[in-house]
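Have a look at the structure below, then the notes.
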Amino acid sequence: MKMKVGTLVFGAAIGLTAAAANATTLEDVVARGELICGVSTGVAGFAAPDDQGNWSGVDIDVCRAVAAAVLGDASKVKYVPTTSKERFTALQSGEVDMLSRVTTWTFSRDVGLGFEFVGVNYYDGQGFMVPKALGVTSALQLDGATVCVQTGTTTELNLADYFRANNMEYSAVNVETADESRENYLSGACDVYTTDSSALAAARSTFDDPSAHQILPEIISKEPLGPLVRHGDAQWGDIVRWSFNAMVVAEEKGVTQGNVDDMKGSNDPEIQRLLGTDGDMGKQLGLSADWAYQVISQVGNYGESFERHIGVNTPIGLERGLNQLWTKGGILYSPPMR
Amino acid sequence: MSVSSTTGETSGGSWLYDPKVRSIFAQVVVVGSVVALFYFIIHNTAVNLEKRGIASGFDFLWEPARYDVTGGFLNVRSTQTHWDAFMAGLLNTFIVAVFGCLAATFLGVVMGVLRLSKNWLVSKLAAVYVETLRNVPVLLQILFWYGVFILMPKPKQSLALFDMFYFNNRQFLGPKVFFGDTPALSAAEQEAMIHRMGEVKYNKLVEASGGVENVPAALAESVKPVFGTGSWILPVSLIIAIVGVVLFRRWAKKRQENSGEQLPVFWISAGTIVLFPILCVLLSGTAVNVQYPELIGFNFVGGASIPVAFMALWFALSTYTATFVAEIVRAGILAVNYGQTEASFALGLRSGQAMRLNILPQALRVIVPPLTSQYLNLTKNSSLALVVGYPDVVGTIGGITLNQTGQAVECIVITMAVYLFFSLVISMFMNWYNKRIALVER
Amino acid sequence: MSDTLRPEDQLGGGLPERAPPPSTVGIQGWMRENLFSGPINSIGTIVAIGIIVWLLPGILEWAIFDATFVGVDANGDGSITRKDCLVENAAGLMTLEGACWVLVYVRWEQLIYGFYGSDGSIWRPTIAFVGLLLAIAPLLFDKVPFRRALLWFAFAFPFIAVWLLGGGEWKLSSVLVFYGLIVAILPLLFDKMPGREILLWVTKIYPLFIAFLLFDAILDTLLGFSIWNTLLGPLAVWEFSPLPALAEVSTHKWGGLMLTIVIGMVGIVLSLPIGVVLALGRRSTMPAVRLLCVIFIEFVRGVPLITLLFMASNMLPLFFPEGIELDKLVRALVVVVAFSAAYMAEVVRGGLQAIPKGQYEAADAMALTYWKSMYLIILPQALKIVIPGIVNSFIGLFKDTTLVLIIGLFDILGMAKAAVTHANWIGLAREAYVFVGVVYFIFCFSMSRYSIWLEEKLNTGHKR
Amino acid sequence: MAKSTRKTTTSRSSATTRSQAAAKKAAPKAKASNGGSAATVPAAGMAVTDEVAIQVSSMNKWYGDFHVLRDINLTVNRGERIVVCGPSGSGKSTLIRCMNRLEEHQEGQIIVDGIELTNDLKKIDEVRREVGMVFQHFNLFPHLTILENCTLAPIWVRKMPKREAEEVAMEFLTKVKIPEQAGKFPGQLSGGQQQRVAIARSLCMNPRIMLFDEPTSALDPEMIKEVLDVMVDLAESGMTMICVTHEMGFARKVANRVIFMDEGQIIEQNEPGEFFDNPRSDRTKLFLSQILH
């Protein structure tokens, strides 16, 4: 910390700040009193500013959960919107403490780029949506079609691979944002709209006539979306991982934002460990004992977050599907808290 | 920094006041600081890259791109290399720049002249055009035109003109002409077709066409050359026509110098260049196959096509740049003293001649330098292609490749080098032109 | 003489002035002269009328007559969204007939202030904006009431604006660097101010102080030893607010039109002096300095701004030792300033070249040093000549601020795009773009009108 | 008042100096018989014929609402040399610019060489071919050499072979005494030289009438003389000339008639001797007293 102070003597006037290389990320965040979270520039339901200018979405809730766990206040987050092009640089350079922006967990990103994915907050897969009028029932009938695809994502690589593997031709309409995809698709500039099926559903829900469009059964890729941190700071990785896992465990155990205070008196040992009434998990993470209590009381459990932002009662209207708890037929599964 | 070092009020030996010593000292300080800064940057970058495990170097260019480049004028498959993708991007940038400059010049000259029109309504309308479009960011205009073009009919409801030209919200299509005999698909071509469409489908196609040799040109497009055997007559006759026109123009000039008679040189030259090759092709009996776009499946297949993203970009760039060109042209014409026009009239020149012989040559001196910098601006603005997904240099090497490989430094350096090259070429032209037209004065 | 002098020629004058024939004056004459003076002219008029009739009604219908303006919860679902703009069409489907300006109505605060207002401190940018108008007025126009006082205010304004918008506490060194500038420049601008002699000393020491801090920073990075920190001890890390304390609002909350203006103004204020220095450098007699300036100018002018912005967002973080980072807004500002400074340098160079050689010689003959002759004689003339060019580059700079959305900053266009990403407002891209376009038009058009006005004013000045 | 119905001249395409020669031949025959005082007797060779060159009748012109030319009636005979003077803004330049249709008139008639000036482009072209004009600011073409300036119109309008055009041009450049400057550009010449080139350039078209629009007012005094010398030479060769100028010495020496204009009207016209010595109108007296002090 001391080492770079001199540089800052001059730098502060021009906005140069130090993330203090010698300290751990946790110490930095605590010292700063604020978590810096890299998010997307706007994906409905996952991260988007509402009419009051507050960020909200399931990705945002992960940031909030970490802030609640570390600082005891879910609102102490600084959201840094990043484009898909610059998100990794932002994390690498220390501009953000963590990234929670619909980023697919892949081998090359985890290993090659030097990141650590700490969990999956949405299991997704790339699918296709077509107008029903087209009469297409399978993705294998899409030879020669024009496809709307967002650039700079794994989506376009999957698309290329899939069509190639099936000896089909396509031409792509490359767009930058989800909204542009939607415009292009609705106006018929492309026959097919491909992206993660969650986003497809989200987009379809906003159409004037959703029933005229269908999502094809083929899911051509695995898209586990999750938060990630820099390699090399194991403690920080653990904190982010377990802040998120706490939300999942809370749902498994039926702990909600509403009943979390009552649950403090629960006899279930896992709930006791979770809420810090038993054991020293918080201490091991370097946090206070009630870290998970703060997460649940301020952010809620995973199911609550899901229903609040992207569930069937929202304009996005997504089914839980794969993201249902393992106990209810999904694959959402948190390692045990012990 | 150089400020403080050259104005420092230290007293001392007389050499301190020697301007030469001061100048050298200042330069050493400046150069030293810049070198130190660069060392600092390069050192940090190397350290950072190593820490992040990003290999530096340009080897990634020869690796498979893993993404397809479509929607431009050259399609690249995901199995081809990043270099191929870059080349496709370069071609796309080049095409939009060249056509943008042409259209901007044409529209700009027209608008500039209309703004000077004596017709109040016309000049005001031109003024509204110029003032509105030049004061709105070009990025917005690109987005706007894209929005307009994707509201055109879908492929199945395409606007058709003579069943040859089709306009829809994906492409503008027209017939494509093949010259010379197009032989039956060779073994290699057949293989390419099979690879492209799968064997089952290919066999079906052959069956439907009644034999390998009858496979529709539309589907064989990507493996068939535009110029088949025997098509040599076209380029050769074109060259002959051009040589003929050059000779004819010389002759016409001599003739005018000798006898004073003037021939309609322009119309004769244009006619020869267009008609002579056509006549040669027709008379020599070279096969000419015209391939019309056909709606097969989702899209039109065959024919010559222009993607809508290109149209939007092209429209926006040329209408935006044309406003500046219009102002330049207007200023150029106004810069030529009206006395020049009057003197030309007084000598009996007609207004067309006055324009061609006196006004234009003088106006061009004023027009060309700012015009070339507008061309450069247009080329640079074409980098905004990425907002409509037109795969130019910034979209391919500076975009997807950068994103997929993480080689930020290399990709950005390549992208910048491309534009620097363009600007170097254009400024070389400028210098040459300025030298050529410099007015001799006392 | 007899055949040359005819009685009717020998008019003694006194012919009354007559009104021109009716067909050449009045509305009829005006139309004949300006709309139908010949066949080509008449065709032009008809085509022009055709274009107007073809375009105008559709535009007006969409933007005004069929549009929904005010946010009323028309469909009664408890919130105001795009659904409140839908109208039932002939086929019984709910569609958008005209523009849905409700988007702008509801998102107004975000479009103007970004996320600044989320903690109720919108008054700060609002006051800053009013201050900006007050500060600009005396610079733009000669005849402004209280011009002298306002000029002083204009000079102090950037520092007030930083305090108002940014707030927060600063280290002593930053305060000295930033606010020291005001004291250092003051005596250069005002000849007859009290205490000028003392302030001139500050002016002389200031560059040395900056050089010392830079040197100290390098020393600290390389050896881990800082003279400044050692000398001052705890004072070096003591943080305080140079003006009455305001809560810090970090730059990631800045957005909308406010951010556009911030980037535009910073670019304008900084690019001019840097451009002047670059232009002087390019005409310097020192080959090394000249070469460096030429390389910088030509490099920056030769590449698109967007690649420079990519560089700022993807490469700049690599240039600093790990753990040190530049604020994203600052990175964008650095690029925007460098970009417009290079263009400015070329404009200024044009002015320098237009100054006759005699002026340089006269300055030399008066035994003025290089900097004094530039400051007192050459630059005032050169800058006056190129004022229209400078304003034009400002317009270009202002339009280019839209590109920052490509690196994820939410300027007014970014904010508008973010608005139509939200589920409530999806599909209203056209409204968003038109709104942003109109805002830009207002700014750029007034700047260009101002430039024309100024040009005319300066021209008459020359004739006098 | 001979009504001029002269047929258009025979083709001049090959006539290098024929009309010049003709004019010289005609010179001795015609004598300005009734001159008045000796000082104003035109030099030998200046012949005035009965043939009408320019006929302006009841001509009116407005700029917008401003009545610039009021009821102008003027007949210029072939071989006549007329000097037009008057205060600035009196419409004298406008008047001669109407004569080759650089300005349009709204009422009345202008007939030049038997051709009435109307909107008919063909007729305008014909008139301009026969009428040369010299401007106050020379209006040479800066991008062309002196020689090219002179050959431009003969080549493109008269369709003269280049070599012939160059010969003619050199001949006239010799006449205005600057043949050695032929290869230079206008920017390299002095004002007086430029104006002489401008005269030569007009003469290369073999005009029957020359209009001068204040040819010396943009020149330094010593240059005025060299230009006036050329104009005097030209007058002696019998050219029909209309000069707007304030060079009263010139007017006395060569003019048959001096016209004084004010407020868009012809106030007074007379042969130079009468005009200068016995001005009739008060306005003229005032004007003369101001310029001849």
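Below, chains carry the letters A, B, ... as their sequence lines are ordered, and counting in each starts from 1. Atom set for the values below is all heavy atoms of this structure, side chains included, hydrogens, waters and symmetry mates excluded. Not measured: the values here are computed from a predicted model.
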Region of [X] in contact with chain C, defined by heavy-atom distances below 4.5 Å:
{"X": "B:L125", "value": "side chain"}
{"X": "B:N377", "value": "side chain"}
{"X": "B:V47", "value": "neither"}
{"X": "B:L114", "value": "neither"}

Let me know if C:F443 has heavy atoms under 4.5 Å from chain B in its side chain, its backbone, both or neither.
neither

Using non-hydrogen atoms and a 4.5 Å limit, figure out which bit of C:R290 sits close to chain B: side chain, backbone, both or neither.
neither

Taking atom CZ of C:F215 as the centre, report whether more than 12 heavy atoms of other residues, nucleotides or ligands fall under 6.0 Å from it.
no

Got more than 12 heavy atoms from elsewhere within 6.0 Å of CZ, B:F94?
no

Is there side-chain contact between [X] and [Y], with at least one heavy-atom pair below 4.5 Å?
{"X": "B:M416", "Y": "C:F310", "answer": "no"}
{"X": "B:V136", "Y": "C:V436", "answer": "no"}
{"X": "B:L121", "Y": "C:I49", "answer": "yes"}
{"X": "C:L403", "Y": "B:L384", "answer": "yes"}
{"X": "C:R301", "Y": "B:S373", "answer": "no"}
{"X": "C:I306", "Y": "B:L386", "answer": "yes"}

Looking only at heavy atoms and a cut-off of under 4.5 Å, which of C:T307, C:D400, C:V277 has the most pairs with chain B?
C:T307

Assert top hit (heavy-atom pairs under 4.5 Å, partner chain B, pool C:P287, C:S448, C:S42, C:G437) equals C:P287

Yes or no on side chain to side chain contact (heavy atoms under 4.5 Å, CB included) for B:L143 and C:Y433, after CA distance, side-chain angles and deciding distance?
CA-CA 8 Å; B:L143 291 169; C:Y433 296 155; 3.7 Å; yes

Heavy atoms only, distances under 4.5 angstrom: which of B:V122, B:V413, B:L139 has the most pairs with chain C? Name it, please.
B:L139

Minimum heavy-atom separation for [X] to [Y], with atom names?
{"X": "C:G302", "Y": "B:S423", "answer": "CA-OG, 3.6 Å"}
{"X": "B:T132", "Y": "C:F441", "answer": "CA-CE1, 3.6 Å"}
{"X": "B:A408", "Y": "C:N314", "answer": "CB-CB, 4.1 Å"}
{"X": "C:G44", "Y": "B:N119", "answer": "C-ND2, 4.1 Å"}
{"X": "C:C444", "Y": "B:N135", "answer": "CB-OD1, 3.3 Å"}
{"X": "B:R134", "Y": "C:K399", "answer": "O-NZ, 2.6 Å"}

Rounded to the nearest 0.5 Å, the CG atom of C:L291 sits from the CD atom of B:Q27 at a distance of 10.0 Å

Could you tell me the separation between the CG atom of B:L140 and the CZ atom of C:F435, rounded to the nearest 0.5 Å?
11.5 Å

With sequence neighbours left out, what residues match B:F38 under ring pair (Phe, Tyr, Trp, His ring centres under 6.0 Å)?
none

